[in-house]
Amino acid sequence: MKARQSLAAAVLASALILPTATPALAAQEAPQKPGIEKQDTLRWAAPQDLKIGTAVAGGGHHETQPYPAPFTYDSAYREHLAAEFSSVSPENQLKWEFVHPTRDTYRFAEMDAIVQFAQENHQVVRGHTLFWHSQNPAWLEQGNFSKDELRAILKDHIQTVVGRYAGKIQQWDVANEIFNGDGTLRTTDNIWIRELGPEIIADAFRWAHEADPKAKLFFNDYGVEGVNAKSNAYLKLIPQLKAQGVPVDGFAIQGHLSTRYGFPGDLQANLQRFNDLGLETAITEIDVRMDVAAGTKPTAAQLEKQASYYQRALDACISVEECNSFTIWGFTDKYSWVPVFFSGEGEATVMWNDFTRKPAYYALQESLEQASPGRGNR
Ligand code: 9MR
């Protein structure tokens with residue numbers, strides 16, 4: 001926290017010297033939007049060195065739902081997306097099945113639109129993801145390619161996708177969910193590890209780095225909030241890779257939580273041990289689902305519990321020096337993946353369907369404000 005305050009002071013001091021806003025200042029501020037008070041947003045409350053992000057709804061489960069593409073057609077959604085957040089992550093628009101639908105074609109229009117939106121609204125972008133066992137197209141999974149062909153396909157994909165957005169993506173989830181819960185590598189369901197061996201993980205990072213040397217390159221996973229077999233596996237793997245000169249910059253914790261289970265109280269300690277390796281850390285996909293029977297609403301007690309989970313997760317990140325990015329996996333229940341995947345659970349985001357705020361929203365806002373006193377002078 002101290003570090004954040006002194007950084008805020010440094011930014012203010014530099015603003016005194018420079019007549020125009022510094023890039024750091026500009027990045028946290030959204031252009032004014034009608035109806036949403038600029039000073040009453042998450043990005044305004046956030047300390048200068050912490051990006052507050054959301055997934056941008058599109059692709060994946062949205063394609064099975066009875067509404068048009070949210071990012072393209074829902075203007076209220078776009079207004080909140082621009083006003084509230086300083087970082088955006090494509091929810092599905094960069095996954096292989098979406099962006100690389102046949103071997104010889106790429107579908108970039110949706111991601112191009114997100115990147116353009118982010119630039120117009122002074123937001124950074126997190127790229128998600130290049131190397132995963134899930135949401136791969138059938139042409140890839142069932143292609144019966146030789147090892148040489150597979151290697152060339154992966155290299156071409158990474159260079160093409162990362163290269164297209166070079167300079168425009170702040171952080172990449174290069175490798176997503178590569179470990180099982182017991183800390184063993186996914187040698188069965190991850191096509192790359194199964195066919196090419198674990199060494200291919202290092203190549204994926206090297207190729208991404210070649211294509212965009214400035215982007216920060218991350219591992220990203222779920223179920224690694226606390227100290228456990230899976231997070232231990234990352235703690236062991238990453239220093240081994242770095243010792244070989246592999247360009248790994250960070251470790252990201254998704255944070256798909258449920259009030260059914262206790263809050264992972266060792267989240268901060270876990271982030272800290274990665275920080276102590278000299279890595280950046282991030283929370284990349286947090287949501288907090290609740291048991292809510294169809295046709296009913298959560299109780300006040302449930303909402304308070306949800307708010308406390310969000311707040312404790314954010315406080316953990318704020319307390320760790322190089323935890324620089326905190327992203328929620330969608331900001332409105334209107335488009336959340338949760339009820340589609342978990343029957344009887346939902347209401348996992350910080351805003352209701354009509355974009356009004358839940359206690360969880362106010363809890364995040366409060367923690368962000370407390371993290372950077374003095375920021376309101378801007
Ligand atoms: O939110 C995404 C949803 O729209 C997709 O249908 C789903 C398919 O698996 O993926 C969801 O996002 C996942 C993310 O990419 C990786 N971590 C887990 C997320 C929730 O499943």
Side-chain angles (χ1 to χ4, degrees), residues 53-74 77 81 85 87-101 107 110-111 114 125-138 140-141 157 161 169 171-181 186 189-192 204 218-225 230-231 234 250-258 260-261 264 281-290 313 325-343 345-351:
T54 182
V56 177
H61 80 276
H62 301 286
E63 289 175 345
T64 67
Q65 301 303 300
Y67 49 68
F71 176 71
T72 312
Y73 293 104
D74 187 336
Y77 176 84
L81 181 66
F85 300 99
S87 175
V88 291
S89 305
E91 186 174 1
N92 295 288
Q93 299 88 335
L94 273 183
K95 293 174 180 172
W96 274 73
E97 69 174 7
F98 191 99
V99 80
H100 201 163
R107 173 184 175 186
E110 286 80 359
M111 188 60 198
I114 292 172
V125 181
R126 295 196 83 260
H128 175 82
T129 178
L130 300 167
F131 182 106
W132 195 21
H133 66 274
S134 183
Q135 288 186 269
N136 285 330
L140 172 66
E141 291 282 347
H157 177 94
V161 177
I169 291 204
Q171 301 182 345
W172 268 103
D173 292 331
V174 174
N176 196 39
E177 304 171 2
I178 60 163
F179 284 111
N180 296 303
R186 284 191 193 258
D189 49 2
N190 184 305
I191 183 174
W192 312 112
F218 278 69
F219 284 96
N220 185 54
D221 213 329
Y222 65 88
V224 290
E225 289 74 28
K230 209 199 255 193
S231 58
Y234 283 102
F251 175 66
I253 293 174
Q254 293 180 7
H256 294 290
L257 304 178
S258 162
R260 217 181 252 193
Y261 313 110
T281 58
I283 306 289
T284 48
E285 304 183 14
I286 192 169
D287 47 22
V288 183
R289 57 189 189 272
M290 301 186 283
S325 175
F326 183 91
T327 290
I328 59 181
W329 204 238
F331 61 91
T332 167
D333 290 342
K334 187 174 183 183
Y335 297 128
S336 172
W337 70 291
V338 170
V340 181
F341 284 77
F342 297 89
S343 154
E345 294 179 77
E347 324 281 353
T349 77
V350 302
M351 288 185 194

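Each ligand, and each atom within it, is numbered from 1 in the order the structure gives. Because only heavy atoms are used, hydrogens play no part in the values below, and waters and symmetry mates are left out as well, while side chains stay in.
The two residues N190 and F131 come nearest to each other via the heavy atoms ND2-CE2, 3.5 Å.
Cation-pi geometry between R260 and F342 is not met: the NZ or CZ atom fails to fall both under 6.0 Å from the ring centre and inside 45° of the normal.
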Item to check | Test side chain to side chain contact (heavy atoms under 4.5 Å, CB included) applied to T281 and I253, step by step | outcome: CA-CA 8 Å; T281 58; I253 293 174; over 6 Å; no
Next on the checklist: side-chain hydrogen bond (donor to acceptor under 3.5 Å, both in side chains) for Y67 and D74? Distances and angles first, verdict last.
Outcome noted: CA-CA 10 Å; Y67 49 68; D74 187 336; over 6 Å; no
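Ring planes of H100 and W96: parallel class, angle under 30° (limits at 30 and 60°).
Without hydrogens or angle criteria, E285 side chain to N220 main chain gives no donor-acceptor distance under 3.5 Å.
If you look at ligand 1, the protein residues with a non-hydrogen atom under 4.0 Å away are G60, H61, E91, N92, K95, H128, W132, Q135, N176, E177, Q254, H256, E285, W329, W337, F341.
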